[in-house]
Amino acid sequence: MTSRNHVCHIVPPYLMQRLDPGRLDQDNGFRAARAEHLSRVLAELPAPEAGRTAAEAGDWTVYSAGNGTDLPGEKVRAAGEPESGDESVDEAATGITASLALFEEVYGRDSYDGEGIEVVMTVHYDRNYANAFWDGTQLVFGDGDGEVFQRFTKAIDVIGHELSHAVTEHTAGLVYQGQPGALNEHISDVYGSCIKQRLLGQSAVEADWIIGAGLFTDSVQGVGLRHMLEPGTAYDDPDLGKDPQPAHMDDIYEGTDDNGGVHINSGIPNRAFALAATAIGGSSWDGAGKIWYAALTNGAVTTDTDFAGFAAATIAEAGEHAEAVTTAWSEVGVTPASGTPAPDGEAPTVVKVRRSGGFIGRTTEGAVELAPGDSQAATVRDLLAKAVPSKPKGADRYIYEFEVDGQRTVVHEGDLSPELRELANRMLEQ
């Protein structure tokens, strides 16, 4: 799991700098103080009533910072309570309800940690704050500056985007740097868009694929922060400049700004998802969305996975839609990492094990082929993803080398999990 010290903002640093050059420095300056304050405040919150879990006591709570920066602020509304009359509070409530419903009803995930943790949100953060973010513990939304941005709760996909950062942090833990960081942003755009489309009842073909539609004021020449289907076209404004997102690997940003282009380069996988979703047809959340979620959570995607690795993971989970997913990645110039099943989705998953060492120094090998769609394939990948390459413990013990989808993992006997030991023994006995 990645560190929780980074802060994931919806508005990229390059836009913040253009809006107010001092704002980015100010954000960096009080980030550490905010984290310390938040930890202290959350530690002082009352525990749930006896006999009730945190989820039962309330799946989400909205606080108001009152245009200050102390978090979480004053409690305004919790799950199950009526509307407050505060537009931002009630929009946050609607957005988080829709977001949690998507993950639970479609993907079987109970809140962002999978265990029903309460979601904490704060609105009316700071004065003229033109951003929204996940800080590793809660979601925070500003009211906008009134000149370029309106309130950030107005766009439901922004709320879904920030919650999805929490989901990624508690699953693959993609580091917030370079291509893994761009995938982190991409995952948030994917499920932010899926949430909006689901709420509107839109198919993938009907969707506008715009992230943050409605955030800009009428003075801005643009439709939103990002355009997933057509990266680089979201805005072209005299003050903001032109949307810098590339749509193809040929134009990938390789500089150091924006944590190595996490917001910029997310346009490449964003377009791949939109192309896959429209090719598969139907709803994006039930089609391509399920494929992407399986890839994110089955153990194949880890903290430093790049575009090629993520492409391979999605193709491996695509089943009958493998050709559509492969084509989508190809159209944005991403070649899946080796070990990817053939585009027709019919190639079996080959799992191999090689046991060496031991007192007599004998080497034994075994292998098994799992048919396309076999649920054991995902189980095997998950087991191997959790197996950390280790150093020998003791003498005369076996050394196991596993291979699946072309990826090798060496595990010494003392570090074998019971499940992995059972798998290895079964394969070697064949």
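To the nearest 0.5 angstrom, Asn265 atom CG is 8.5 Å from Asp258 atom CG. Ile210 contributes atom CD1, which lies 4.5 Å from atom NE2 of His227 (distance to the nearest 0.5 angstrom). Atom CG of Asp304 sits about 11.0 Å away from atom CD of Gln179, to the nearest 0.5 Å. For the atom pair OH of Tyr253 and CG of Asp251, the computed distance is 14.0 Å after rounding to the nearest 0.5 Å. Of the inter-residue distances, the one linking Glu105 atom CD with Asp286 atom CG reads 12.0 Å to the nearest 0.5 angstrom. Of the inter-residue distances, the one linking Trp285 atom CH2 with Gln202 atom CD reads 8.5 Å to the nearest 0.5 angstrom.
The nearest pair of heavy atoms linking Cys194 to Phe273 is SG-CZ, 4.0 Å. Looking at every heavy atom in both residues, Ala328 comes nearest to Ala276 through CB-N, 3.7 Å. The heavy-atom pair separating Pro269 from Phe307 by the smallest distance is CD-CZ, 3.7 Å. The two residues Leu225 and Leu215 have their closest heavy-atom pair at CD1-CD1, 4.0 Å. Nearest heavy atoms, Gly267 versus Pro231: O-CG, 3.2 Å.
Taking the side chain as every heavy atom from C-beta outward, His165 and Glu185 approach each other to under 4.5 Å. The shortest distance between side-chain heavy atoms of Arg77 and Glu83 falls below 4.5 Å. Residues Thr137 and Val120 fail the side-chain proximity criterion, which asks for heavy atoms closer than 4.5 Å. For the pair His186 and Trp292, the minimum side-chain heavy-atom distance is below 4.5 Å. Side-chain contact between Trp329 and Thr314 is present, with at least one heavy-atom pair separated by less than 4.5 Å. Contact annotation: the side chain of Val62 approaches that of Val123 to within less than 4.5 Å [non-hydrogen atoms, C-beta and beyond]. Side-chain atoms of Thr153 and Met121, non-hydrogen and from C-beta on, never get closer than 4.5 Å to each other. At least one side-chain heavy atom of Leu229 sits less than 4.5 Å from a side-chain heavy atom of Leu275.
Of the candidates Leu100, Leu139, Thr168, Val167, Tyr112 forms a side chain to side chain contact (heavy atoms under 4.5 Å, CB included) with just one, namely Val167. Applying the salt bridge (charged side-chain N to carboxylate O under 4.0 Å, His left out) test between Arg226 and each of Asp157, Asp243, Asp189, Asp208 identifies Asp189 as the sole match.
Ring-plane geometry between Tyr293 and Tyr107 is classed as parallel, the angle between the planes falling under 30 degrees on a 0 to 90 degree scale with a further cut at 60. Ring pair Phe152/Phe149 is tilted by interplanar angle, where 30° to 60° counts as tilted.
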>> Applying side-chain hydrogen bond (donor to acceptor under 3.5 Å, both in side chains) to Gln197 and Ser283, what does each step give before you reach the verdict?
In response: CA-CA 8 Å; Gln197 293 174 36; Ser283 69; over 6 Å; no
> Does the side-chain contact (heavy atoms from CB on, under 4.5 Å) test come out yes or no for Gln221 and Asp236, once each step is laid out?
Replying inline: CA-CA 6 Å; Gln221 297 176 24; Asp236 191 352; 5.9 Å; no
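In this model, no donor atom of one side chain and acceptor atom of the other lie less than 3.5 Å apart for His124 and Asn67. Judged purely by distance below 3.5 Å, without hydrogens or angles, the side chains of Glu118 and Ser111 never pair a donor atom with an acceptor atom.
If you look at Phe103 and Tyr191, their ring centroids are closer than 6.0 Å.
Around CD of Glu206, the count of heavy atoms belonging to other residues, nucleotides or ligands within 6.0 Å exceeds 12.
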